Each structure stands twice: as structure tokens, then as C-alpha cells.
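Have a look at the structure below before the remarks.
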Amino acid sequence: MTLPSFVRTRGGMLVGLVMLGAIGFELRTVAGMLFGIDLPAAPYFIGMVAILSIVGVYLDVTRSTSPDTAT
Amino acid sequence: MHIHSYEKLWLGMALLLIVGFIGTITYGTVGAGVQMVDDSGGNVEPGNVSEHEEFGEPGVEKVGENEYDVHVVARQFVFNPGSEVYGAIEVPVNSTVNFYVTSADVIHGFSIAGTNANTMVIPGEVAEITIETEETGEYGIVCHEYCGEGHHNMEGLLRVVPEDEYNGSTQ
Amino acid sequence: MSTQTDQPSFVDRYPEEAAVVRRSLLVAFVMLGIGALMGLVQALHRTNVLRIIDSADYYTVLTAHGVFLAIVFTIFFLVGLYQWAVTRSLDRSPVDIRFTHAWATMMTVGSLMAGAAILLGFIDEVPVSADVLFTFYAPLQAHPIFYAGLAIFIVGTWMAGADWFRTWLAWRKDNPDERIPLQTFMVLTTMIMWYVATLGVAVEVLVFLLPWSLGLIDSVDPLLTRTLFWFFGHPVVYFWLMPAYLLWYTVMPKIAGGRLFSDPLARVVFILFVLLSTPVGIHHQYVDPGIAQGFKFIAMTNTMFLLLPSLLTAFTVVASIEHGARQRGGTGLFGWLTALPWRDPAFTGMALAGLLFAAGGFSGMVNAGMNINYLVHNTLWVPGHFHLTVGTAVALTFMAGTYWLWPQLTNREIYSRPIALAQVVMWFGGMALMSNAMHVAGLFGVPRRTAEPQYSFDFPALFGTIGELRLQIAVGGTLLFISTVLFLSNLAFSLGTPKREGFGQTIPPALSGPEDSPAVLDNMKLWAAIAVVLVVLAYALPLGAIISDNGLFGVGIEPYPMLVRPLFDWAGATLAGLAEVIA
Amino acid sequence: MSGTTVPAESNETEAEPSVSAATGQEEIQRELSHEEYDPKGTLALILIYFAILMAMWVFMYFVEFLGNELVVVG
């Protein structure tokens, strides 16, 4: 299985996931401010964290190279 | 000095952005007619506010067809009128309202929450700000500049009421 | 592959200078710790999550948070970093290291005086306080030791600048035909800007506030002193930013594995800061009564052009990083981003700081827009903005830079790199949460600088709820505090890691070097003179108008609170008594 | 750049690792000179940023500000 190079290390994965989290968080603000779509906070954030966690666990399990334990 | 062509492109776009911003703001001033608070309110001596012709008895005053002057004195930690002890400021809808706000002590702020009506209130200066009321409703007024340890208690209320309910007095 | 290099480290080559740098950074970090604690107390208090202080004490906390972080932390880090940069890039020691120690001591003494005045505000029994916030607007009055401390601190920074200019002049004698090394160039231009900018606050404090707090003059004009404050208060933000830019331009390309894309443009950027940082301060006063709209418009156009150096920086710095990524084997239009050293906390911290600076840049553009200021002035939008800029672009870059610099100053490794990485990422996440909520709440009209969130009316939320925004601020603030604690403890543990060799770092030359730029860029006198002319053009008329309206000292302005008068009257009476006895 | 006067600094030191880098971090694989390098990715990123800035500015100014209640005229 070929994986994008940024999931080679846990450190890189952490940075990537937190960035995705921040983007997901901002998207709700954009939906509310620009498009007037009021997404309910609790389900949205819980869902977002759940999806990111699943992605994180999946990527970690399938991490291809460099198995050293950085963060 | 050689600059990469991409960077020259970006320099041009950055300048375009800047000119665009200045253009928008000029449009806001000239086209949409949004004027800044300026020195037109004149000066008043903070210690003598209570003897001042207008600020001695602050409140709402009808000055023309659909036009009202509202004189407000801000002091630690109330707006007169506006705060609960003095009663809310009441103006009719579809009118032009000129606010004249000054301070009797330190620097305050005068902001009608959630709207564009927002000015500093500086002792010695009169802030003049004109608004047009287009919808009825109640608006909170906050002092948004730190003015002492009771700053968070400094608030007031503005009521924009239908023309037929307006009775011409501060309540 | 180890991180060992064959270069001698900075401390090997310049042990005395390294000690000054270390000491400055340590003062900065102690202040960071106290300031961050104050920040946590505030974030939890005003969001009504946890209240351990009276709302009346909130403003003492807020003053400490603002002054300790925005003035002391940032500027102590700056002097440490700049001492390193000048010594390193000129490859020579200060002319007289005792002078270097003298300014460091002066700055410390000044900070302690101002800090003590602020913190004594918590103790009601002591008649000393400085609950005047970071802006100390008259007629709010602080104890004289607050103003005196501030003055001593600023004179200390002036001496630091003089020290670096002296080192440069000595170097110039030995190297008459060389271009100024880029880091030194950045230091010198920053200090020219600082000398021009601090004139405003020096006049405000020494001519007006200090004599007034001592009872020597009765009254000061609130609008005049406030205008003098902002004369200094806007350029000071570039004084915070320029050391971060120095790290972005000179250190970040290196740790990304690349080289600076363009040295000439870096110089142009710093010159633009010298010219445009100061004649813009009136944009903080867009909704001040007593200043004509025309002056505000001039400040607005200057401010908009001040965007240019930051926009150019965005390109040059990203291009330098991309160069690193491509040298490390990165390919594709965006694929190179994955080839960057994201596990290096120094790199990741600076990159994330830059990313949030891009967002903060936008809210800054809104702040700069004259009439749109009605929408956001003194709302929570403004602290949202500057927590992205000084609170992240600057503070996070400083922390990330420390992870790279500290080993070279001590010959000791950072205690834990993974914790360092988690720390910078946590700062990014916490700040994304907190500042987003602040911006949104600001648009709903929630004011800044207030202890109580519960006014008797409701703020109109366009989506979501105000309560949810408060929670985001509280969670974000807590994450930021934890991140600060991780940073400080990681650094504290680093004091105990074993010493070893091999921490030397070099900085590779730029892809397009200084030889590509005209020599006039290095003419410091010319840029200083133009800067002064621009400041005179922007400020002479507004200041003249204020003085002609109100006089120099205003009329009948009473100070609040009147804390020191009795003390001074007592001293005055004693002196008068003594004089009589002598006579 | 800034360190041109330090004799030890030259292009050959570029492989030197950062003191804060992870052990096992990949090293530089090739050298790119100024002539060989066009910052395409940077240009792409910055154009995206430009588009976001323009859209957000128009939204903030014309919708949030000029569309807001209590029109301020002076």
C-alpha cells in the first residue's frame, strides 16, 4: 500500500492532524458567517474529533516507514 | 538588483490589493457616506459638564423633522441617559439621530452593541456621531474602554420605537 | 545520522556574549510564565468558567498580562536575539562588554519597578498600583514608579541600540567595502525605527505622565497623551515582529534545508518598516473625537502601504522554505510541503506561527480600514487579531527559535524534542480556537477589556451562541497555558542535560546575495532621515491641532485614582520645612 | 548572506543538521541554485491566499460592515 510521505512519522502526523482540525473548526465559522448555515456546535465538533481520531489511528497502524517513536 | 519574475508578479498584486483596499474605503466615505467621528463636536471642560448648556441637562431633543439630538454624559460607571438609573435612550424609527457624547472624568467608550455606532469618549472632547434608525428594537450600549474598577458595570440601553409610540421623553 | 556538527557553537566562540543572551532570554521567559498565568486567570474569569479573583482585580491581572508579555517578554527576547545576531553576523564582540551588561541591567531594573507597581495593585493596604492597562491612558493614573520604571526600561533599550551601532561602526572601520551582513542590517534598521517611535512615549512619560503622577503638574490632556502613546504604540508592534522576521528570514530557511531566496528583498522589507511603521499610529484613533477625518485618512493610506513589507515577506520566506523542501527531495505543486522537517519543533513552530500570521494579517487589514473600524473598534475582534500576531507570529516564533538557539548558547541539548513539538502544535491549536472565537464574538459586538460577560442585554449572535464562543476561549486559553508550561519546563529541564560538543550552526548564504542589490540600501543615515520627515508630515498637523484646541495640559482633568498625591504632599511639606530650617 | 564574513560558512556546510531536528531526519538530497529554482509552489500558495483575502475583504466590508444595522453617516 502506498501512503503519502507525510505519514511516515508520528510527529508529522500530529502536525497534519492538528492542522486539519483547525481547518475543520474554521469551516464551521465560515459556514455560519458567510453562508448563514448554523451547524450545531456539539455534534459538529464531536464528529470532527471522532473522524480525525479514526484517520489518525488508521494512518498510524498503516505507517510504512521509519518506525521510530517520535511523538 | 534582479528580482524573480514570480516575485515581481506578487509585488504587483500586493500593490493592487493595497490600492483596492484604499479604494474601498474611499468608496465607503464618498459613496456610502460613512463619515468618521472627528473634531466637529468641539470641546467641553470635563469639570464643568454639569453647567454646560446641553450636557447640563443631557437627553433626547427633537431638532427637526425626523431629526433628534441626543446628548450623553459618560462618567464612572454610567451613561446619562442610557443607564438604568437615568433610563434608556428612546428614539423613533426612520429618523436621523445625532449623538453628542462626552466624559466627565476618564476615557470611556460608547458602543451600541452589534451595530456600527461606536466611538471613543474622551474627556475634553465631544464625540459627534450620526446614525439612521431603520428598524425598531432594543440595543445594548457598552462602555468598551477600561475606565476603572467598575468598568464592567457600565452599560445602557437604546430603544428604537415605532413613530406612533414615541412620546418624546427619556424614560 | 546524529545532530552533531563540526562547527564550534556560539557559546564556544563568544562565552561572555552568550551569557548576556541567555540572561536576557531567561528574564523574557520568567515574564512569559507570569504573563501566561495572568492570561489563564483572565480567560477563565471573563468566560465565567472559573472565578478566583474579584472582577475589580481583573484589570490588575489584565495590566500585568499586557505589560509583562507585550513589553517585557517580547523586548527582552529581542535584545537577547539581537545581541546574538550582531555578534554572530559581524563575528565580533561588543566594543565594551561592560556597556552591554549595563543596558541589560537597566532594562531589568526598569521592568522590576514597573512590574512591582502593577503587582502591588493586588494588595489594597499598599497605596501603590498601576491598574492602567498596557495603554496607560490618562487620566487613569499609575504610581510614579510605574512610569519611572518604564522610562528606565526604554533608556536601556536605547543603550542596547547604541551598543549595536558601536559594534557595527567598529566593524565598518575594519571592513570599509563590505556590505552590512543581513542580520546586522536587520538589527540596525529595527533600532532606527525604535529610536523614532519611542520619541512619542518618551515625551508622553517624561514631559507629562511622570511629572503629573508626582503632582508637579495638575493636569494632562487625555487626547494629546493618547496620541503620543499611539505614536509609539503602533511601531512597537513592528518592534515585536522584526525579531520574528529576522528568525524567519535567516534561521527558518536553514532549518528547512534551504537558503534565503532573496537577500535584497529582505533589506527592502526592513527599510519599508523603518519608513512606514511610525506615521500610522493614528489608525488606532479612527473613532477618536478631536482628530479631523483627513488626518485619519492619511494614516489609513500609510497603514495600507505598510502591508507591503509583510506581503513581500510572505513570498520570500515561503519561497525559501520551498527551496529547502525541493533540496530535500520534495516535488509537485504542493507535494513539497510534505518534504519539510515537520518533526523539528523549531521549524514547525515557526511555520505554524507564519500560517496564523497570514490569518492575523487579514484581520489586521480590516483593522486598518478606516470606516470599517466602526464595526470592530474595541471589540473582542482586536485582541483576537493581536493574539494571532504578537501572541503567535511573534511569541511562537520566539519559542520555536529558542529550541534552535538554546543548545548553541549552552552546549546542552533540549531536554525533549517530542515535548517541544507537542508544545508548538498545542499553541497553534489553542490559538486557532481562542482567536477564532474572539474574532467572531467581536463581530457580535462583545467588547474587549471587560471582566464581566453578563451584561443585562444579549449580544446578537448570527450563528451558534455566545456561550459556545466563551467556551472556545476558555478551552483555547487553557491549551495555551499548558503549552507555555510545557515550554518553560522543557527549557528548565534542559538546564540539566549533559554538556557536549557539536552544537555549532552556520547559516547558508542567500540564493540571491547582497551583491545583487544597490548599495544605497545600506545607507542608514538616509533612511533614518526619510523616516523622520514622514513622521513630521504625518504628525505635525494633528498634534498641532490638538494642542491648539486644548492647550498642552488640557483643562481641569482630574487623575484617577489619586494614589500618590498625599505621599508627595507629605514629601513636599517635609522639604519645605527643611528649607525653612536651613534658611 | 548575513554570515559571508565568517570564513567557515560556505555552501558545503549545507548538509549540517539543525540542532533541534529529530534524529533520523532525512538530509538534503540535491542542491538547487538560484537559476534552477522557480518557486512554483510558493506562487500557487500565495495566489490562493490572495483569493481568500479578496473574498474575505469584500464580505467583511460590504456585507458585515455596510450591511450592518444603525447606519452611521457622520
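Here the structure is a predicted model, which is why all the values come from computation and not from measurement.
- Taking a 6.0 Å sphere around CD of B/Glu84, one finds it holds 12 or fewer heavy atoms contributed by other residues, nucleotides or ligands.
- Between chain B and the residues D/Val72, D/Val58, D/Leu66, D/Leu53, the largest count of heavy-atom pairs under 4.5 Å involves D/Val72.
- Here the side chains of D/Phe62 and B/Thr24 are in contact, with some heavy-atom distance below 4.5 Å.
- At a 4.5 Å heavy-atom cutoff, the contact between B/Phe21 and chain D is made by backbone and side-chain atoms alike.
- Both the backbone and the side chain of B/Glu132 come within contact range of chain D, each with at least one heavy atom under 4.5 Å from a heavy atom of that chain.
- B/Asn116 places a side-chain N or O within 3.5 Å of a backbone atom of D/Phe65 that can act as its donor or acceptor partner.
- Using cut-offs of 30° and 60° on the angle between ring planes, the pair B/Trp10 and D/Phe50 is perpendicular.
- With chain B as the partner, the residue from D/Asn68, D/Thr42, D/Leu47, D/Leu43 showing the most heavy-atom pairs under 4.5 Å is D/Asn68.
- Within a 6.0 Å radius of CD in B/Glu149, no more than 12 heavy atoms belonging to other residues, nucleotides or ligands are found.
- In the displayed structure, D/Gln29 atom CD is contacted under 6.0 Å by more than 12 heavy atoms of other residues, nucleotides or ligands.
- Comparing B/Asp38, B/Ile25, B/Thr96 by how many heavy-atom pairs each has under 4.5 Å with chain D, the most go to B/Ile25.
- For D/Glu36, the CD atom sits in a packed shell: over 12 heavy atoms of surrounding residues, nucleotides or ligands are nearer than 6.0 Å.
- Between D/Tyr37 and B/His4, the shortest heavy-atom distance links the atoms O-NE2, 3.9 Å.
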query = Going through the checks in order, is the side-chain contact (heavy atoms from CB on, under 4.5 Å) test met by B/Glu135 and D/Glu69?
reply = CA-CA 8 Å; B/Glu135 269 178 69; D/Glu69 284 173 273; 4.2 Å; yes
